[in-house]
Amino acid sequence: MGKGDDMTVVLALDKITKSFGPVEVLHGVDLELHSGEVHALIGENGAGKSTIMKILGGYLAPTTGQVLLDGAPVTYRSGPEGEAQGVVVIHQEFNLAPDLTVAANIFLGREISKGLGLDHAAMRAATAELLTRLDTSIRPEALIRDLSVPDRQMVEIAKALSRKARVLIMDEPSAALTHREVEALYAQVDRLRAEGVALIFCSHRMDEVSRLADRITVLRDGTVVQRALRGEMTEDGMATAMVGRELTDIFPPKDTSSGETLLELRNFTVQSVVKDVSLKLHKGEVLGIAGLVGSGRTELAEGIVGLRPATGELRIHDRQMNIRSPREARDARLAYLTEDRKEAGLLLDKNLPVNLTLTALDEWGLRIDTKREKAEMVSARKEFDIRAASDDMRAGALSGGNQQKLLLAKTMLTDPEIVIIDEPTRGIDIGTKQQIYHFVRDLARQGKAVIVISSELPEVIGLSDRVLVMRMGRIAGEVEGAAINEENIVRLAMGLEREEEPA
Amino acid sequence: MKRIDLHVWGPLIALIGLFILGAILNPAFLAPANLSNVLARSAFIGLIAIGMTFVITQGGLDLSVGSMAAFLAGITIMAMNALVPVVGENWGTIILGMGVALLGGVAAGYVNGALITKARIEAFIVTLGTMGIFRSLVTWLADGGTLSLDSGLRSIYRPVYFGGLGWITWPIIVFAVAAVVGEWAMRHTRFGRHVEAIGSNDRVARYSAVDVERVRLTTYVLLGALVGLATILYVPRLGSASGSTGVLWELEAIAAVIIGGTALKGGRGRVWGTVVGVLILSLIDNILNLTDLVSPYLNGAIQGVIIVLAVVLQREKRTAE
Amino acid sequence: MKRRNMLKMPVAAAALSLMTAGAFAQDAEQVVIGVSIPSATHGFMGGLNWHAQDTIARLGEAYPNIEFVLATAPDVGKQVSDIEDMLATRDIDGLVVLPFESDPLTDPVKQVKEAGKFVTVVDRGLAEEGIEDLYVAGDNAAFGRVAGEYFRDNLDADAKIVVLRGIPTTLDNERVEAFQAALEGSDKEILDMQHGNWNRDDAFNVMQDYLAKYPEIDAVWAADDDMAIGVLEAIAQAGREDQMVVVGGAGMKDIIKRIMDKDPQLPVNVTYPPALISSAIEMTALNFVSSAPMTGRYIISSQLITPENAEQYYFPDSPF
């Protein structure tokens with residue numbers, strides 16, 4: 001394992017097709033994973049990346065074609081069987097039991113016993129060794145529920161390692177991580193590569209692909225459209241290959257002018273996280289809020305819309321307001337679009353119209369007007385370009401980008417004046433990102449006031465007329481106009497003095 | 001895909017199957033008198049189960065309804081008896097007594113709901129507690145025996161259970177109206193939509209400006225009111241209440257809800273399915289009494305099999321998706 | 001009748017000792033008697049609970065040196081715990097127990113006996129003989145037999161009978177078997193037997209179904225007055241009051257009243273008095289305050305209540 005020729009093909013797809021019912025989603029895909037190599041699979045949402053990952057891991061069977069492990073057709077028929085043969089998948093949604101310890105999760109299903117009982121000491125020791133190898137400070141006896149999302153990701157990786165992975169398949173490994181944690185992840189990827197593991201991941205972050213991938217495969221509409229080795233493709237080139245057209249103007253021009261103050265905070269404090277924030281938000285303006293994860297960005301937004309108890313002064317149209325619930329926020333024409341689209345944004349097991357109208361329903365009277373609901377759905381699909389097979393499909397079955405557009409449509413149905421969008425493009429492809437950026441600017445153009453909270457600096461920079469940077473629950477500073485650049489924002493976020501005044 | 005959706009139609013098919021079985025085994029089964037009996041008997045559990053559908057759909061549970069019915073029947077009878085010297089043996093007394101049942105139900109439901117939503121105690125624990133409390137209270141009020149309605153009042157009140165439009169007696173009418181209104185409310189009103197949304201994911205509902213606590217509380221109050229309504233129909237039947245009134249009604253109601261296709265974890269409510277579930281459970285009893293098919297010792301086993309089957313069918317639907 | 005007379009003896013003794021109790025109690029040793037009975041889940045048990053509490057209150061006044069510990073249990077497990085607690089923490093000198101079920105309670109009661117305590121078993125015997133000092137019980141076989149014999153001797157030839165059974169238990173089986181035995185060889189026919197679980201609502205449902213199923217029914221053995229109430233209501237609904245007679249059991253006061261008033265639907269009733277707990281408690285108390293040892297078996301046979309003798313079985317104050 002891991003020895004021998006670096007270019008050995010471990011796992012391969014041979015002319016794979018996959019159909020769901022009458023619809024073929026993969027049209028004869030070939031793919032080779034080499035030991036000691038990192039392979040990036042990129043493409044827009046719906047291009048077939050997830051399906052390929054699932055076929056590689058044994059979670060889905062191909063309709064035609066073969067999956068080859070060490071040159072022979074694979075014998076595993078399920079994820080766990082694949083794991084037993086060293087093919088391990090780290091899913092985007094983690095497979096961890098929140099109430100068990102790290103050690104218990106890592107050995108879940110393969111517990112080490114001593115006589116009748118469990119050998120806790122041995123499992124803890126083995127877990128500690130794995131975690132040390134990964135250079136983390138996670139304790140083996142910590143409960144998963146007490147861990148941060150990146151730490152959980154590390155536990156997933158440790159779990160994969162403990163299963164002696166020869167092939168590691170990662171779906172969007174960095175989607176939930178912050179800047180620093182991403183670096184730790186990259187270090188682990190490098191380490192695994194050096195150990196001879198074959199890695200494949202998919203990602204929407206072009207910088208990540210450039211940094212990690214030895215080999216890149218670009219998918220579009222279920223077909224491989226381009227293959228490249230490290231250094232053969234620029235980030236722009238990747239985006240172009242994925243979308244199939246030149247991507248210009250990802251960000252719309254900042255061409256709206258701001259007017260009167262719509263929202264003002266004075267000494268706004270959200271329990272135990274956000275302290276003494278004062279800000280002004282104007283009509284026709286896009287205000288970015290940047291900062292590290294944990295700096296209080298989301299908590300500030302949730303405090304503003306009444307999801308968290310807050311003190312201090314909140315003024316809308318220069319009138320003092322007391323907003324204690326999302327209902328009162330809605331009535332004040334204040335809307336918040338959550339970062340957690342799956343757990344707080346959409347009812348994944350309900351159909352599209354139900355999701356669309358949920359917030360607005362209170363204004364419709366006692367009875368639900370189904371005709372009106374249908375009509376709203378039609379216009380939302382048109383206005384926000386929501387692509388769905390049918391209105392009756394579950395929201396959970398939509399791609400991430402379409403879910404985000406549906407969430408946007410749902411939020412806008414209440415006709416808010418002030419819109420706070422938290423992580424507008426998390427986990428969605430570049431083409432849809434571009435659409436959403438234009439929607440955001442359109443909102444400003446319609447005279448609404450918009451706050452965009454994002455962990456992706458290019459997004460904050462490209463979208464905002466003005467950027468507030470948060471650090472440890474406080475506003476660390478503000479940059480505007482030409483001063484909006486990565487360096488200034490990072491300095492503020494890290495707590496460093498700015499060297500120059502904004503121009 | 002033209003496969004019959006067992007999940008939706010299964011309970012209805014089972015109900016029709018039971019009808020045919022009953023008719024074949026004993027011609028008396030189809031007599032209007034028998035059908036009228038079965039439907040009227042179903043009305044108590046049926047009304048409660050309709051309310052229970054809303055509670056379960058929002059992700060809650062109420063174990064106290066059987067005891068609550070006994071308690072409400074007890075205080076209703078005591079109130080009516082106490083009012084006789086004041087108001088007299090007439091409809092006035094009975095209507096006041098009905099008001100006691102209904103208001104008592106609303107109050108009892110409010111207590112459950114407030115403890116769950118405001119004090120934030122698990123629904124299971126709260127209603128397990130109130131189940132014991134209501135049961136003890138009625139036993140205590142009855143001094144361990146039976147509370148009986150004044151016989152004069154009884155004869156005036158009796159037609160509320162036994163009378164009606166021919167074979168269609170009042171309990172059947174009330175049950176049918178409640179079912180239609182319940183289905184409409186679940187499917188076509190904001191309240192029903194909110195109930196489903198909360199059961200589906202209460203966090204999403206909260207973020208979507210739904211007043212989660214109030215909607216939850218309302219479902220418990222609604223259930224309490226329906227228990228009160230069931231009590232109004234129950235009291236005239238035997239004119240009595242005791243510690244053994246309404247024993248296990250809560251489980252029958254929950255079973256009917258589950259058989260009808262409402263998910264126990266919440267998020268999807270089917271009032272008409274609940275009605276079918278209630279009828280299935282009563283028909284099994286009726287058919288087993290009318291025939292000598294199996295030992296009466298096994299009645300419970302047959303109901304158990306049906307409940308488990310219903311849940312298995314729900315599971316099949318999910319994996320097929 | 002004979003056995004019943006035997007019971008009267010200690011009751012008379014109790015009356016005697018009442019007179020001396022005041023003086024006697026001053027310097028007497030403190031005695032604790034534990035009473036463990038099922039809780040009031042249905043009418044009959046409700047009556048039994050009432051009689052138990054009533055007796056304890058009465059005896060508590062008469063004998064200040066006797067302290068009673070009453071525990072009611074809704075299930076077998078609780079009853080076992082109750083008895084263990086009484087022995088361990090209340091230091092009882094005597095135990096009066098009406099076992100929920102015979103087998104599970106045999107061992108705990110035996111331990112009380114082995115600790116040297118006086119044990120009185122009421123109504124349901126233990127699985128092992130010779131544990132108890134005193135046994136006071138109703139006669140389940142006689143309860144069924146008396147009803148059966150009444151039907152055999154008083155119904156028309158070829159009369160058709162339906163039966164509502166109680167909760168499936170040994171006790172119910174004994175009653176029903178004796179009922180069937182009494183009718184055996186007669187020209188009366190038992191059409192059907194279903195469980196009404198000693199519950200009004202269940203009995204109502206079962207009777208409704210009987211009425212739908214059988215066009216001709218001449219007599220109903222409801223085996224318990226709670227069930228009889230449900231049965232009567234179902235018959236009234238079907239308008240067939242004049243077609244059949246109903247015989248219940250255990251002497252509920254409302255039913256006794258109707259028998260006294262010569263209701264044609266309710267010709268007779270069979271006793272199974274909940275008051276037997278009173279006799280048991282009294283006799284146990286007497287064992288401690290009088291010199292006469294109260295041991296042996298006392299079976300209170302079931303009597304037929306007729307309009308003529310109904311008055312002596314009528315207790316308007318009892319909840320049952």
Novice: Over all heavy atoms of both residues, which pair between Pro326(A) and Tyr207(B) is shortest? Give the atoms and the distance, please.
Specialist: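 So the minimum-distance heavy-atom pair works out to CB-O, 4.3 Å.
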Novice: Which residues, numbered in order, of residues 367-380 of chain A come under 4.5 angstrom of chain B by heavy-atom distance?
Specialist: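 Arg367(A), Ile368(A), Glu373(A) fall under the 4.5 Å cut-off.
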Novice: Quick check for you: to the nearest 0.5 Å, what is the distance between Asp340(A) atom CG and Arg203(B) atom CZ?
Specialist: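 Here the interatomic distance stands at 4.5 Å.
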Novice: Got a second to check how far Arg193(B)'s CZ is from Thr357(A)'s OG1, nearest 0.5 Å?
Specialist: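 Those atoms lie 4.5 Å apart.
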Novice: Heavy-atom pairs under 4.5 Å with chain B - which of Val305(A), Thr411(A), Leu307(A) has more of them than the others?
Specialist: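 The residue among Val305(A), Thr411(A), Leu307(A) with the greatest pair count is Leu307(A).
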Novice: Which one wins on heavy-atom pair count under 4.5 Å against chain A: Ser200(B), Gly192(B), Ala185(B), Ala209(B)?
Specialist: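 Winner by heavy-atom pair count: Ala209(B).
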Novice: Quick check on Arg152(A): does its CZ atom have over 12 non-hydrogen neighbours (other residues, nucleotides or ligands) under 6.0 Å away?
Specialist: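 Above 12, so yes.
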Novice: Would you mind telling me which of Ala329(A), Ala335(A), Ala344(A) has the largest number of heavy-atom pairs within less than 4.5 Å of chain B?
Specialist: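 Of the candidates given, the most pairs with chain B belong to Ala344(A).
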Novice: Could you check whether any side-chain N or O of Asn201(B) sits under 3.5 Å from a backbone N or O of Glu343(A), counting only pairs where one atom can act as donor and the other as acceptor?
Specialist: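 Checked: pair present.
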Novice: Mind listing the closest non-hydrogen atom pair of Gly345(A) and Ser208(B) along with its distance?
Specialist: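 So the two residues come closest at O-OG, 4.4 Å.
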Novice: Which atoms of Glu302(A) come close to chain B, meaning under 4.5 Å heavy atom to heavy atom: side chain ones, backbone ones, both, or neither?
Specialist: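 When you check distances to chain B, only side chain atoms of Glu302(A) fall under 4.5 Å.
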Novice: To the nearest 0.5 Å, how far apart are CD in Glu213(B) and OG in Ser325(A)?
Specialist: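 The OG atom of Ser325(A) is 11.0 Å from CD of Glu213(B), to the nearest 0.5 Å.
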Novice: Heavy-atom count around Glu122(B) CD within 6.0 Å, excluding the residue itself: above 12?
Specialist: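 No - once you tally the heavy atoms of other residues, nucleotides and ligands closer than 6.0 Å, there are 12 at most.
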